[in-house]
Peer 1: 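Once you've had a glance at the structure underneath, I'll fire off some questions.
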Amino acid sequence: MSKALQIAVLSYKDVLHEWRMTLCVMFAVAAIATPLLLFFGLKSGVMDTLERRLLENPVTMELSSVNEKKLEPSWFEETASDPRVEFVIPRTRRLSASAEFFVKDKERKIRRSLDLYPTGDGDPLLLHFGSAAPGEGECVLTAEASRRLEAKEGDVLVATVSKDRGSVKAQREFRVAGILPDGAGATPVAYIRLKSLEQVEAFKDGVAVPELNWPGSDNVTKSVTPSVLLALDKPLDAVRESMLIQNTGFVNLKGFEPSCSDGEVHQEQDLDKQKPYHPFIPCEKYLYQISSVGMPADISDVKSLADRVRGRQDALLVPYNPYLSVTAGNRTFSILSFAAYGKSMVSGENCADSNCDLAAKLPPRVFYVSPAVAAEMGDGPKTVTVTYHEVNSRGEVTDRSISFEAAFVGKEGVGPNVALAHIALAGQLGSLQNRELSDAVTSAGEKAFMLKRRGYIGFRMYAAKLEDVMSLQEKLTAEGIRTMSKADRIAEVMSLDKYLGMLFWLIASASLAGAVCCLVANMYASIERKRKELAILRLLGVHGSTLCIYPLCSSLLLTLGGIAISLAVFFVLAYTVNSTFAEQLQGDEKFCNLTMLHLAVTVLIAALIACVSGLAASRRVMKIEPSESLRDE
Amino acid sequence: MEYLCLRNLRLRRHKNGSSFTLCVPELRVCAGQTLAVVGQSGCGKSTLTDILALILQPDSADEFLMRGPEGDINLLNIPKRLQAEIRGRHIGYVLQSGGLFPFLSVLDNIMLPARLLGHNQKAVKDKALSLAVDMGIADQVYKKPQFLSGGQRQRVAIARALIHDPKLVLADEPTAAVDSVSAEEICDVLKRTVQNHNAALVIVSHDRALMRRHADYEVTYSLERRDGIVSTLQPPVRLDSAGDAG
């Protein structure tokens, strides 16, 4: 056995021999440590219980939007990829998210209006309460909803959606896939798939839902244009110019001088980039670009503008959308439309032709290109992609596109990079400025460009962790989205935890300093009592540094013994507290509790204090001389 | 065989404004011999003991050696850690009232020096029990020292001083705390046992008569006032008891 170990054994035997003194010191340590352990145990237990109760209820983690701000599908994709977000699903307008339900097979039809909430796979609320997400044609009811309807799981419910103050109604069936307990919410709600909710909203908005045979109008897009070009032989005076932007739906007017003399050949590539180009507008004409701001102009706006130039034989009015292009294969063309009014000098097209009908619902899907290009592209319909690309003055980019099948036909006078389209086709595609479009089939079975939904006005969101609720709410607020959450409650619990922690460490610091002083004083006194024995050990060949193990070991034994007593008392008190408040606790919750980590840290801190005290006392041991053993008997 | 050789050793100490100088012209301590260091208070007995116990280092010495079969060890100006090592390995101590540890049993007290040296536990225990038998305290080995008489405690101390086979045993007033009958017995046992272990024994005592009955040699001091007190160790004088013991 090494000398150091022998010294440790001697120290241990000494501590045992002086058991009365040892117990006194241990109880002194326990008197300091027990209240601290109890305080920390209560803080830890109460905070843990509060946090668990908050955590276990997914409602705590929920953030729902309060204001109705339009949110694009891309926003949802981006938000769903945020690691702080456990689940997010769009909501439709609240006013459109309700329906009247009754149980189909019951004789007594109890009709109750329920709010409709969207849900989907991975919805934490449903998962927590043991219900799978409903499939198409299914719903999950809250306990209150099931009570009001007297419905149970497996029942088939009939949902009636009405509009126009109940004069128009539509029905569909939902099977009850699950019923949530009261903890999931107190309001009568039916959770359904987002698509079903969108169908309800569409019906209430007057749009037909062909899948469910719900009547309504087709959401076919209408012609719009951000600007028109007006070509004249002579310029307008200021009064007539201003008349073009008074009550016409247009706001801006910009004039261009003729860019060539009469008889010159018009060259697309020679044109000044600032001056709009149209193959059917001769370059010797005076040109005006008349534009709207924000929302594009519609048919009535163009018609009112046409009325202002009606009777002028030299006038040519052409809708002009410089942001539209069509791509077929590896070729891209700027889309220009035929004239809305007047007669083209080059092609002879005029608005008596079908290509000038701005209100045509189903314009031919044909692009007119130069004969050479048409020959190169070949006959038959091609899959084309029409793109609307605009970078506004604030640097914001609008980029939307739609793909469909169209034919390319050769037409003289059209430049190689231009594709002329029916005025209504170009106008309908111009709707990409504000909305996504889809190439869909109308209720009459015809192909048409339909307006896609305009994004969503809200969401149901669940944070991944308790602390994420607040940061997500801050992020959403910064985006201008006001949300409702339990963040205040969470912040309260967290700040309570923080302040209790600070209070604990304040008290603990003072107590630990006292404990160190107490132990150091005790060790000093102990060394003075044992000076003779320690001097004999020095005489027997133990070096001063090795002898330091003696007080170190004593200090460790006394402190750890004190902590052991303290823990024993703590467990008794903790059991008493938890038993007393058992009725307020659920499951394995505890009001007073220390985890294994807490216990390990307690022992570690105690050992650290013991080492500090022991080392402080060791300085005195180092000064003991072996000669002290030979005299002063 | 000489175990300890001191020649022209000198140590000067200052205390309360006056100085004390110890001079040792020559001192040789041999195996099996008992050397009694006697003298009046303040003559330098304790200073000599501290030097022999390697607690104090002399200011100068022509020779301060510990001899042994493995060679001589120069004890002059050696580091403190080595001093401690030599103290633990080669010197045994018998203190005034035993200097036993109250929290250890008699047996553990006897075994302590050998245990600190890391000797084999079983062998140490056997030897401790054998020494206890020699000392006549075999029936007391599992008791705590406080339950023994003064004489018995000194016997334990003697056994502890010999457990690790030291070359030199230093006994500092070993009979100071016992009655005269016990003192005789202790001196007798101490001398006999040390001789049996072929160690050298240095007894520091103020009881000159007792020492004359038990020691082989006696050394005394001559004091003179010359720039403070100068105490010179006189050459050892062979005593009559040497023939009886030897």
Side-chain angles (χ1 to χ4, degrees), chain A residues 1-23 25 523 526-551 553-554 557-558 561 618 621-633, chain B residues 45-56 79-105 108-109 111-121 124 144-146 157 160-161 163-164 166 170-174 176-177 204:
Chain A
M1 224 189 298
S2 75
K3 204 172 273 185
L5 193 58
Q6 279 294 339
I7 299 299
V9 171
L10 285 178
S11 177
Y12 165 72
K13 287 186 175 176
D14 188 14
V15 167
L16 280 188
H17 177 74
E18 290 194 324
W19 62 272
R20 287 185 189 87
M21 189 63 78
T22 298
L23 277 179
V25 177
M523 290 315 298
S526 173
I527 286 163
E528 287 306 313
R529 285 200 315 275
K530 297 177 195 348
R531 209 172 173 86
K532 179 84 179 174
E533 284 85 356
L534 294 169
I536 292 169
L537 286 171
R538 295 275 282 121
L539 192 67
L540 293 177
V542 178
H543 192 259
S545 58
T546 313
L547 202 57
C548 288
I549 292 168
Y550 199 96
C553 192
S554 294
L557 288 167
L558 294 171
S618 295
V621 171
M622 295 281 278
K623 290 177 184 163
I624 294 174
E625 288 295 331
S627 58
E628 292 179 37
S629 62
L630 296 174
R631 45 201 65 94
D632 296 325
E633 281 275 339
Chain B
K45 296 195 297 289
S46 295
T47 307
L48 180 66
T49 314
D50 285 357
I51 290 170
L52 295 179
L54 300 183
I55 293 166
L56 277 179
K80 286 206 163 188
R81 189 169 278 278
L82 185 57
Q83 284 176 26
E85 181 71 25
I86 295 168
R87 266 204 315 269
R89 197 168 291 281
H90 299 298
I91 305 173
Y93 303 90
V94 181
L95 307 179
Q96 281 184 22
S97 57
L100 303 178
F101 290 87
F103 50 86
L104 295 181
S105 67
D108 284 338
N109 263 297
M111 292 195 296
L112 184 62
R115 276 184 169 172
L116 288 171
L117 290 170
H119 289 180
N120 178 275
Q121 290 285 308
V124 169
K144 292 280 170 64
Q146 57 267 40
R160 188 179 70 179
I163 187 76
H164 56 302
L170 284 172
D172 187 12
E173 302 279 8
V204 178

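Residue numbering restarts at 1 for every chain, and letters A, B, ... go by the order of the sequence lines.
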Peer 1: Does any heavy atom of chain A fall under 4.5 Å from the side chain of Arg89(B), the backbone, both, or neither of them?
Peer 2: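 For Arg89(B), there is no contact with chain A at all, as no heavy atom is under 4.5 Å.
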Peer 1: Is the side chain of His164(B) donor-acceptor paired with the backbone N or O of Ile91(B) at a distance under 3.5 Å, no angle test?
Peer 2: yes
Peer 1: With sequence neighbours left out, write down each residue that passes side chain to side chain contact (heavy atoms under 4.5 Å, CB included) with Leu104(B), or none if nothing qualifies.
Peer 2: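 Expected list: Leu10(A), Lys13(A), Phe101(B), Asp108(B), Asn109(B), Leu112(B).
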Peer 1: Any side-chain to backbone donor/acceptor pair from Arg160(B) onto Gly99(B)? Under 3.5 Å, distance only.
Peer 2: yes
Peer 1: Residues in side chain to side chain contact (heavy atoms under 4.5 Å, CB included) with Ala171(B), at least two apart?
Peer 2: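 Expected list: Val94(B), Pro174(B), Leu190(B), Leu201(B), Ile203(B).
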Peer 1: Could you pull out the closest heavy-atom pair between Ser627(A) and Ile55(B), with the gap in Å?
Peer 2: CB-CG2, 3.5 Å
Peer 1: Identify the heavy atoms of Asp14(A) and Tyr550(A) that sit nearest to each other, and give their distance.
Peer 2: OD2-OH, 2.7 Å
Peer 1: Quick check on Glu18(A) against chain B: is it the side chain, the backbone, both or neither that has a heavy atom closer than 4.5 Å?
Peer 2: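 Neither; nothing under 4.5 Å.
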Peer 1: Would you please name every residue forming a side-chain hydrogen bond (donor to acceptor under 3.5 Å, both in side chains) with Lys45(B), sequence neighbours left out?
Peer 2: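 Listed in chain order: nothing, the list is empty.
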Peer 1: Taking 4.5 Å as the heavy-atom cut-off, does anything in residues 534-544 of chain A contact chain B, and if so which residues?
Peer 2: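 Listed by number, the contacting residues are Ile536(A), Leu537(A), Arg538(A), Leu539(A), Leu540(A), Gly541(A), Val542(A), His543(A).
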